[in-house]
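In what follows, a single structure is set out as structure tokens and then discussed.
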Amino acid sequence: MSREIRPARRAVFLDRDGTINREVDYLSDPADFEFLPGAIEALRALQAAGFALVVVTNQSGIARGLFDEDTLHRIHGRMTDELSKEGVEIDWIGYCPHHHGLESPLPELASFQADCSCRKPRPGLLLLAAADLGIDLARSFCVGDSLRDLEAGEELHVPGLLVRTGKGAAQEAIARAEGRDVRVVDDLGAAARYILGL
């Protein structure tokens, strides 16, 4: 009896702050987590089309001592709980707590002062998610409000979309000034429509 061979999944690698939720510098209170308009509907549409929803986020506030990992987990708990109520399930969440070159304010934070492979624009988190979920990177997308979100995918040949929400408008100006060829859309809803060919 032969085993059924399932094709690898497509995924959308999503930045968090400024892409899914309102940008708050070093978000450290679950009560301040607020979805951007249309974000939940966009995630639902991508999920319905069979895309794995993968959140990959830099969280150097941990290395800076502004909040701890337990707080971050509570923020993500609020996000996933609210999405679950709307019929949306995030398949994988990865975060980088590191920041290389900071002087740690507390000795117990020294382990977070690392030159790691998981901090975007490096692709470490994307590779971990791809291995865990069986993702076909060539048929996937990166969406974020920062050029580094897209750069994390470029090394793996994952096409990217820059949203103008969050810091995206300023990042678009930088990309234009540098002559970079970046696909820009208004928000996560517009990104979903592009990905789905709508």
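Numbers here are sequence positions counted from 1. Any value given below was found using the heavy atoms of this structure, including those in side chains, with hydrogens, waters and symmetry copies removed. Keep in mind the model is a prediction, meaning the values are calculated, not measured.
In this model, a donor atom of one side chain and an acceptor atom of the other lie less than 3.5 Å apart for Arg183 and Tyr194. Inspection of the Asp81 and Ser84 side chains reveals no N or O donor paired with an N or O acceptor under 3.5 Å.
Across Lys120 and Thr57, no two heavy atoms sit closer than the pair NZ-CA, 3.9 Å. Contact record, Glu178 with Arg180: OE1-CD, 3.1 Å, taken as the closest heavy-atom pair. Taking both residues in full, the closest heavy atoms of Ile195 and Val12 are given as CD1-CG2, 4.0 Å, listed atom of the first, atom of the second, then distance. The heavy-atom pair separating Val54 from Leu133 by the smallest distance is CG2-CD1, 3.8 Å. Scanning all heavy atoms of the two residues, the minimum distance from Leu126 to Gly153 falls at CD2-CA, 3.9 Å. Closest approach of His76 to Arg16, counting heavy atoms only: NE2-NH1, 3.0 Å.
The distance from the CG atom of Leu137 to the CG atom of Leu127 is 7.0 Å, given to the nearest 0.5 Å. Annotation: the span from Phe35 atom CZ to Leu43 atom CG amounts to 7.5 Å, rounded to 0.5 Å. Rounded to the nearest 0.5 Å, atoms CG (Leu36) and CG (Asp187) are 8.0 Å apart. Here CG of Leu14 is found 7.5 Å from OG1 of Thr19. Values are rounded to the nearest 0.5 Å. Atoms OG and CD, on Ser146 and Glu151 in that order, are 7.0 Å from each other to the nearest 0.5 Å. The CD1 atom of Ile90 lies 5.5 Å from the CD1 atom of Ile20; values are rounded to the nearest 0.5 Å.
Looking only at side-chain heavy atoms (C-beta outward), Tyr95 and Cys118 stay at 4.5 Å or farther from each other. In this structure the side chain of Phe67 never reaches within 4.5 angstrom of the side chain of Asp29, judged on heavy atoms. Residues Asp115 and Arg122 meet the side-chain proximity criterion, which asks for heavy atoms closer than 4.5 Å. Between Arg164 and Val184, the closest side-chain pair of non-hydrogen atoms falls below 4.5 Å. Side chains of Pro121 and Glu155 form no contact here, defined as non-hydrogen atoms less than 4.5 Å apart.
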Before giving the answer on salt bridge (Lys or Arg N to Asp or Glu O under 4.0 Å), spell out for Lys167 and Asp149 the whole-Å C-alpha distance, their side-chain angles and the decisive distance to 0.1 Å. CA-CA 12 Å; Lys167 300 174 181 175; Asp149 299 322; over 6 Å; no

Val182 and Glu172: side-chain contact (heavy atoms from CB on, under 4.5 Å), yes or no, with the steps? CA-CA 8 Å; Val182 176; Glu172 179 184 9; over 6 Å; no

Take Lys85 and Glu82 through the test salt bridge (Lys or Arg N to Asp or Glu O under 4.0 Å) and record every step on the way to the result. CA-CA 5 Å; Lys85 292 174 186 175; Glu82 292 297 317; 3.4 Å; yes

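Linking ILVMFWY side-chain heavy atoms closer than 4.5 Å, directly or via other members, places Val55 and Phe51 in a single hydrophobic cluster. Put simply, Leu161 and Ile40 are part of the same group of oily side chains (I, L, V, M, F, W, Y) that touch within less than 4.5 Å, one to the next. Hydrophobic clustering (ILVMFWY, side-chain heavy atoms < 4.5 Å, transitive): Phe33 and Leu188 are in one cluster. Follow the hydrophobic side-chain contacts under 4.5 Å out from Val185 and you reach Val143 in the same cluster. Grouping the Ile, Leu, Val, Met, Phe, Trp and Tyr side chains by contacts below 4.5 angstrom, directly or via other members, places Val163 with Leu196.
Side chain of Arg10 to main chain of Ala49: a donor-acceptor pair is present (N/O by atom type, distance under 3.5 Å, no hydrogens or angles). In this structure, Gln171 contributes its side chain and Asp145 its backbone to no donor-acceptor pair below 3.5 Å. Although no hydrogens or angles enter the test, the distance criterion places a donor-acceptor pair under 3.5 Å between the side chain of Gln47 and the main chain of Glu89. Between the side chain of Arg44 and the main chain of Gly87, no donor-acceptor pair closer than 3.5 Å is present. Arg74 places no side-chain N or O within donor-acceptor distance of the main-chain N or O of Pro30, the cut-off being under 3.5 Å. For the pair Gln113 (side chain) and Leu109 (backbone), a donor-acceptor distance under 3.5 Å is present. With hydrogens and angles ignored, the 3.5 Å screen pairs no side-chain donor or acceptor of Asn58 with any backbone N or O of Cys96.
Remark: of the listed residues Leu27, Ile75, Asp17, Leu66, Asp17 is the sole one forming a side-chain contact (heavy atoms from CB on, under 4.5 Å) with Gln59.
Within the structure, ring pair (Phe, Tyr, Trp, His ring centres under 6.0 Å) pairs that include any residue of residues 154-186 do not occur (at least two apart or interchain).
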